[in-house]
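So the structure is just underneath, and the comments pick up after that.
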Amino acid sequence: MTDATVYVVGVGPGDPELMTLKAARIISQSPSVAYFCRHDRMGHARRIADAHIAEGTRELRFAYPFTTERQVNDPSYHPDMSSFYDDCANRIEAEIQLGRDVAILCEGDPFLYGSAMYLFDRLKAGTPCEVIPGITGMSGCWTEAALPMTHGDDVLCVLPATMPEDDLTNWLEKADAAVVMKLGRNLPKLQTALKRAGRMQDAVYVERGTQDDARVMPLADMSEPAPYFSLALLPGRRGVR
């Protein structure tokens with residue numbers, strides 16, 4: 001039996017100074033840290049947490065088997081990703097059995113479209129787990145854009161741009177305010193849905209919110225491919241109260 005714990009740590013939207021004090025403490029004290037990344041990159045969460053990772057810390061680097069090169073509707077997508085997450089969870093469990101705490105780093109908040117929650121799902125039944133919340137990416141982006149989002153009894157919808165165009169259009173018509181995530185190759189589809197819903201004039205594009213290279217512009221002006229760390233914001237009612 002081991003007393004070791006898995007900490008699922010939200011490191012915030014990008015600016016390292018927006019990491020919570022608790023997240024920084026847990027990371028600096030953990031003998032092992034784990035993080036997701038592309039095979040050819042360090043990993044965004046790892047970069048955010050860099051100043052708090054002590055020398056000699058064991059690093060578990062979880063490189064995705066694929067990212068944008070395979071579509072979610074590919075029949076192999078979910079089985080292969082499930083197998084990948086199983087392997088990641090097994091590697092963390094091995095650290096726990098050695099009595100080593102593990103901090104799993106996650107951009108934004110772990111429970112909002114975070115890959116780390118899939119490891120939490122696999123580990124929580126048999127391993128002590130603690131989740132450290134973080135400032136969400138969407139919060140960082142609407143702050144970057146200086147854009148108040150919800151007023152009074154506004155309904156806020158968080159939508160993945162991966163959904164079918166008709167569904168996107170329907171939700172955009174109904175929502176007072178909306179955040180659309182996972183843009184990337186789905187940007188042209190979102191632009192069409194916004195036009196159909198009559199909301200294009202409301203949409204603001206934000207890229208890498210809170211980071212040094214952040215960009216903010218009307219979404220209608222965005223014509224180039226969107227990177228992973230980007231989203232669209234549609235604020236709610238803006239009348240005086």
Side-chain angles (χ1 to χ4, degrees), residues 10-15 18 36 44-45 48 67-68 71-73 77-78 106-118 131 133-211 213-241:
V11 298
D15 181 348
L18 293 176
F36 293 95
H44 190 54
I48 295 170
T67 51
T68 57
Q71 297 275 13
V72 175
N73 58 5
Y77 184 96
H78 290 294
C106 184
E107 299 97 334
D109 184 89
F111 283 0
L112 187 70
Y113 296 113
S115 294
M117 65 185 172
Y118 300 118
V131 180
I135 295 175
T136 63
M138 69 177 74
S139 177
C141 285
W142 62 54
T143 302
E144 183 74 47
L147 195 64
M149 286 294 293
T150 53
H151 306 69
D153 57 356
D154 280 348
V155 174
L156 171 65
C157 286
V158 180
L159 308 171
T162 52
M163 68 169 58
E165 183 184 307
D166 287 346
D167 293 340
L168 264 177
T169 302
N170 182 48
W171 281 108
L172 290 167
E173 288 173 343
K174 294 190 295 185
D176 298 309
V179 176
V180 188
M181 306 181 70
K182 304 184 179 183
L183 299 190
R185 68 177 69 185
N186 300 293
L187 180 59
K189 176 176 62 179
L190 172 61
Q191 290 172 321
T192 300
L194 286 165
K195 291 174 183 176
R196 290 175 57 190
R199 301 292 302 271
M200 179 61 88
Q201 73 280 1
D202 301 328
V204 176
Y205 172 85
V206 185
E207 178 181 308
R208 300 184 178 91
T210 79
Q211 300 175 50
D213 53 351
R215 290 203 303 166
V216 179
M217 68 180 75
L219 191 135
D221 295 345
M222 182 64 183
S223 58
E224 62 196 80
Y228 179 80
F229 290 103
S230 62
L231 49 74
L233 303 172
L234 286 83
R237 289 170 292 172
R238 305 189 212 187
V240 176
R241 289 192 177 267

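Every value quoted in this text rests on a predicted model; they were computed, and no experiment measured them.
Counting only distance, with no hydrogens or angles, the side chain of Arg199 and the backbone of Ala175 share a donor-acceptor pair below 3.5 Å.
Two residues are said to be in side-chain contact when any heavy atoms from C-beta on lie closer than 4.5 Å; Thr210 and Thr143 fail this criterion. Put simply, the side chain of Ile48 does not reach to within 4.5 Å of the side chain of Gln211, judged on heavy atoms.
Contacts classified as side-chain hydrogen bond (donor to acceptor under 3.5 Å, both in side chains) and involving residues 162-183 (residues at least two apart or in different chains) are given here: Glu165-Arg196, Asp166-Arg196.
For Met149 against Ala177, the heavy-atom pair with the smallest separation is O-CB, 3.4 Å. Annotation for Val206 and Ala145: closest pair CG2-CB, 4.0 Å, computed over non-hydrogen atoms. Shortest non-hydrogen contact noted between Ser230 and Pro227 is OG-O, 2.7 Å. When every heavy atom of Ser115 is checked against every heavy atom of Cys106, the shortest pair comes out as N-SG, 4.5 Å. Annotation for Ala178 and Leu159: closest pair CB-CD1, 4.5 Å, computed over non-hydrogen atoms. The heavy-atom pair separating Pro13 from Gly137 by the smallest distance is CB-CA, 3.9 Å.
Judged as a side chain to side chain contact (heavy atoms under 4.5 Å, CB included), and not counting sequence neighbours, the contacts of Leu112 are Thr136, Met138. The ring-ring contact (aromatic ring centres under 6.0 Å, His included) search around Tyr113 returns none, not counting sequence neighbours. Considering only residues two or more places apart in sequence or on other chains, Arg208 meets the side chain to side chain donor-acceptor pair (under 3.5 Å) condition with none of them.
If you take NZ on Lys195 and CG on Leu172, they are separated by 14.0 Å, rounding to the nearest 0.5 Å. The CG atom of Leu190 sits 10.5 Å away from the CE atom of Met163 when rounded to the nearest 0.5 Å. Atoms CG and CG, on Leu147 and Leu233 in that order, are 6.0 Å from each other to the nearest 0.5 Å.
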Side-chain donor-acceptor pairs under 3.5 Å in residues 215-225, sequence neighbours left out?
residue: Arg215; atom: NH2; partner: Glu207; partner atom: OE1; Å: 3.1
residue: Arg215; atom: NH2; partner: Glu224; partner atom: OE2; Å: 3.1

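Each of Val179, Val204, Val158 was compared with Leu231 under the side-chain contact (heavy atoms from CB on, under 4.5 Å) criterion, and only Val179 meets it.
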